[in-house]
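In what follows, a structure is listed as structure tokens, so that the remarks can point back to it.
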Amino acid sequence: MAAACHRAHRDPASVTLVAVSKGQPPEVVRAAADLGLSLFGENKVQEAKAKIPLCPGRLRWHLIGHLQTNKARDAVHFFEMIHSVDSLRLAEEIQRQADKAAKQVSVLLEVNVAGEASKFGYRPDALLDELSALNALPRLEIHGLMTMAPWSPDPEKARPHFRRLRELKQECEQRLGAPLAHLSMGMTGDFEVAIEEGATLVRIGTALFGERPRHTPLGPSAA
Ligand SMILES: *Cc1c(COP(=O)(O)O)cnc(C)c1O
């Protein structure tokens with residue numbers, strides 16, 4: 001990460017590592033925390049709900065995976081930020097649950113930049129159409145955009161998608177009349193390119209923890 005920041009003439013402090021602990025047991029999280037990591041990412045609410053109470057209380061957690069409306073209540077309770085808001089319906093449910101909990105919720109809007117059928121996230125034009133309605137929800141604080149690039153063994157293939165997300169953030173900022181702090185983009189295979197293109201949050205699992213166990217120790221119901 002530091003090398004990529006150096007190449008891009010960026011301050012290393014401007015990029016934050018989200019350690020993706022999905023599929024890893026609490027012992028692995030604890031070991032990572034002992035080494036100084038403090039921000040962890042989970043992609044499933046059920047798994048996180050079982051795991052987080054078994055981990056040190058000082059850790060911070062981001063939800064990076066798709067969120068179903070019926071899990072919004074738990075998501076609001078367990079996570080400091082939700083990276084995966086991808087519809088007005090979901091945003092309205094988060095608003096409702098946040099209101100009940102008397103909380104503000106930090107969110108990112110997930111964008112399917114490449115238009116892959118297999119991925120969640122707004123199409124860029126649909127995001128721009130719904131932006132003002134999303135921004136009108138008083139309990140939601142929109143901090144930026146998130147994307148996953150299509151999988152490829154060549155990280156350079158991800159670059160145009162990351163660049164497009166950065167441009168889309170600028171369009172959103174113009175429409176909102178306010179800056180957005182975050183671009184959540186870049187995983188094990190492509191985080192250096194993402195940093196070169198402006199990522200402020202990189203979500204890395206495999207490079208930190210190795211290949212994920214096929215079944216989580218919390219059991220198949222948590223998967
Ligand atoms: C699993 C996951 C990651 C981390 O992927 P790695 O390739 O293991 O670094 C990042 N973002 C999301 C949304 C994920 O689900």
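Each ligand, and each atom within it, is numbered from 1 in the order the structure gives. For reference, positions follow the sequence shown, starting with 1. Keep in mind that this is a model prediction, so the values were computed, not measured.
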| said: With salt bridge (Lys or Arg N to Asp or Glu O under 4.0 Å) as the criterion, how do Glu110 and Lys119 come out once you've worked through the C-alpha distance, each side chain's angles and the decisive distance to 0.1 Å? | reply: CA-CA 10 Å; Glu110 181 173 358; Lys119 290 232 167 78; over 6 Å; no

| Ser132 side chain to Arg175 side chain, donor-acceptor N/O pair below 3.5 angstrom | no

| query | Does a side chain donor of either Ser84 or His66 reach within less than 3.5 Å of an acceptor in the other side chain? | reply | no

| query | Among Arg203, Lys22, Met187, which residue places a heavy atom closest to atom 2 (C) of ligand 1? | reply | Lys22

| Against heavy atoms of Gly205, which atoms of ligand 1 measure under 4.0 Å? | 4 (C), 6 (P), 8 (O), 9 (O)

| query | Mind checking whether Gly65 has an N or O less than 3.5 Å away from an N or O of ligand 1? | reply | no

| Pick from His9, Arg159, Arg10: which one makes a side-chain hydrogen bond (donor to acceptor under 3.5 Å, both in side chains) with Glu196? | Arg159

| query | How far is atom 13 (C) of ligand 1 from its nearest protein heavy atom, and which residue and atom is that? | reply | Ile64 O, 3.5 Å

| query | With a cut-off of 4.0 Å, which atoms of ligand 1 are near a heavy atom of Thr206? | reply | 6 (P), 7 (O), 8 (O), 9 (O)

| task | Would you mind running through ligand 1 and noting each atom that sits below 4.0 Å from a heavy atom of Ile204? | result | 9 (O)

| message | Under 3.5 Å, is there a donor on one side chain and an acceptor on the other for Gln174 and Gln170? | response | no

| query | Do you see a donor-acceptor pair shorter than 3.5 Å between the side chains of Gln104 and Arg139? | reply | yes

| request: Could you tell me if any non-hydrogen atom of Arg212 lies under 4.0 Å from any atom of ligand 1? | output: yes

| message | Counting non-hydrogen protein atoms only, what is the nearest one to atom 6 (P) of ligand 1? Give residue, atom name and distance. | response | Thr188 OG1, 3.4 Å

